[in-house]
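Quick caveat, the model's predicted, so the values are computed rather than measured.
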Amino acid sequence: MNDSHDHSVRAIALAVTAGVFLGGVATGVAFPTLPLLDQYLGISAALLGFILSANRIARLVANTPAGNVIDRVGPRRPMIVGLFVQGLAPFGYVLGLNVPRVDLFVLPAVGVVSFPALVFIGARVFWGLGSAFVFIGAFAIITGVTNQSNRGRWTGYMRAGQSMGFPTGLVVGGIVADVFDITTAFLAAGTLALAAGVLGWYVLPDVQPNRTDGRTPRLRDLPETVRSLPGVLPIGLANAGVRLLFGGVLLTTAVQYADYLGLTIGTLTAAGVSGLVTGLGVVASAGATVVSGRVSDTVDSRAVVTLPGFALLAAGYALLALSGNLPGVTVGIVLVGAGTGAVGPALLATLGDIAPGDELGRLAGVYNVFGDIGLSVGPLAALPIAEAVGFTPTYLACAGVAVACLLLMNATLLKS
């Protein structure tokens, strides 16, 4: 690769990374205040849970159609639209705080659904739809401008930007909400998200799908495409496992586990300790993401990089299950974060290697669907299971899931 092309790839990849980072910051800025909506709106815990999950449900549904659109028209315009749609969502939160508090109807097990609650649900759906286009567009652009010699490196940087954006936003959002108010936090989130859209408008390249046979991608052909590429399904299942273990289980149970063990750091109790320690896990994940992406460019099969990643995940959960003290929990969470970061870029870059040029969007949509399933199942299952059988068996089962993913990679991608 010549120097000028390498500089061009670097500029494009860094621009994509900056866009997803700002989008992640905007997500994080809004998040510390969203779980408090039941206090502001007087809604039930069940309705609050639905508001918090509405974006993920919407993205789960939108992933494959978003990928199909990107395969048809290229990733630039859909990704920019997605960034701006994300940017509008926090302003919807502000609207939800100020519309008349009229009760509209009652749902079983949910309770009264008010007009402000519906506005928040709509805004969260907007965010989910936008994020589907942003992630898949970012993947398609990075894959389109790289090759097998540098794809892992730049995919790693993109994933690191995603990893670090959300916790950065959590810190900013918590401070803004405390110093000012919840409305200011939402306005800050919207401003940052719109800034990501403006950045994308000026710097994202027009990468067209590599369509050699002249055919137009069709969503109904996706199952056949997945069947024709044996690596797609194990990559998707492995992504579901990673998302289940980190975003689904760990982030859901960390504060409860810290409270169960009675962990403290100075004046910090369970909430503060879990926030600090999981923050270290996120930093470890971002660092491992960059390293893993670079390493995956130097080996014959990128899938081999996932093996130590899943081993770290298994070791981290085993340590969490068996330690029962602050040092053990800290090291365990850092290992889980590092394992998550080590697996992600290798999976994405492998998908980019095997995906035909006109199937990038739809296959990234499939990848995202699996990830969102893992993220959705984790919060639904983790706390009830931990309450029923205890944290130790729950975390040991998570270690078993990591080992199963390791064996899946070894039996499929490394044997192909």
Side-chain angles (χ1 to χ4, degrees), residues 18-38 40-41 43 47-63 65-66 69-70 77-99 101 113-138 161-162 165-174 176-177 180-201 204 247 365 368 371-372 375-376 379:
V20 296
F21 174 78
L22 283 174
V25 171
T27 305
V29 168
F31 197 81
T33 47
L34 286 173
L36 302 175
L37 285 178
D38 56 343
Y40 284 90
L41 302 182
I43 60 178
L47 184 54
L48 173 62
F50 186 75
I51 290 173
L52 294 176
S53 62
N55 65 319
R56 196 166 291 158
I57 295 170
R59 189 172 66 188
L60 185 63
V61 174
N63 279 322
V69 170
I70 285 170
R77 284 177 291 167
M79 183 175 175
I80 291 171
V81 170
L83 288 167
F84 279 112
V85 168
Q86 284 188 163
L88 293 176
F91 296 103
Y93 304 160
V94 176
L95 180 64
L97 291 174
N98 293 280
V99 297
R101 299 195 176 188
V113 178
S114 64
F115 184 37
L118 280 186
V119 173
F120 269 95
I121 290 171
R124 296 290 285 168
V125 167
F126 252 64
W127 192 282
L129 295 175
S131 66
F133 285 96
V134 169
F135 176 85
I136 298 171
Q162 287 179 312
F166 183 73
T168 302
L170 287 177
V171 175
V172 174
V176 171
F180 298 100
D181 53 33
I182 186 173
T183 298
T184 305
F186 289 154
L187 291 173
T191 301
L192 286 168
L194 290 177
V198 173
L199 176 67
W201 179 274
L204 291 180
N368 237 20
D372 284 337
L375 285 170
S376 301

Enquirer: To the closest 0.5 Å, what do you measure between CG (Asn55) and CZ (Phe126)?
Expert: 13.5 Å
Enquirer: When you measure from the side chain of Arg56 to the backbone N and O of Leu375, does any donor-acceptor pair fall under 3.5 Å?
Expert: yes
Enquirer: For Gly19 and Ala196, which heavy atoms make the closest approach, and how far apart are they?
Expert: O-CB, 3.7 Å
Enquirer: Shortest non-hydrogen contact from Ala123 to Ala89?
Expert: O-CB, 3.3 Å
Enquirer: To the nearest 0.5 Å, what is the distance between CG (Leu47) and CG (Leu118)?
Expert: 8.0 Å
Enquirer: Taking it one step at a time, do Phe133 and Val69 satisfy side chain to side chain contact (heavy atoms under 4.5 Å, CB included)?
Expert: CA-CA 9 Å; Phe133 285 96; Val69 170; 4.2 Å; yes
Enquirer: Partners of Asn368 by side chain to side chain donor-acceptor pair (under 3.5 Å), sequence neighbours excluded?
Expert: Asn63
Enquirer: Excluding sequence neighbours, so at least two apart, what forms side chain to side chain contact (heavy atoms under 4.5 Å, CB included) with Val25?
Expert: Phe21, Val29, Thr168, Leu192
Enquirer: Is there a side-chain contact between Pro116 and Arg101 in this structure, where contact means two heavy atoms from C-beta onward sitting under 4.5 Å apart?
Expert: yes
Enquirer: In Å and rounded to the nearest 0.5 Å, what is the CD1 to CZ distance from Ile43 to Phe120?
Expert: 8.5 Å
Enquirer: Can you sort out the partners of Phe135 under ring pair (Phe, Tyr, Trp, His ring centres under 6.0 Å), two or more places apart, ordered by chain and number?
Expert: none
Enquirer: What residues form a side chain to side chain donor-acceptor pair (under 3.5 Å) with Thr184, not counting sequence neighbours?
Expert: Asp181
Enquirer: Considering residues at least two apart in sequence or located in another chain, which fulfil the side chain to side chain contact (heavy atoms under 4.5 Å, CB included) criterion with Leu204?
Expert: Val16, Arg76, Met79, Ile80, Ile141
Enquirer: Considering only residues two or more places apart or on different chains, which pairs with a residue in residues 86-99 satisfy side chain to side chain donor-acceptor pair (under 3.5 Å)?
Expert: Tyr93-Arg124
Enquirer: Any non-hydrogen side-chain atom of Phe50 less than 4.5 Å from a side-chain atom of Ile57?
Expert: yes
Enquirer: Any heavy-atom pair between the side chains of Phe84 and Val198 that's under 4.5 Å?
Expert: yes
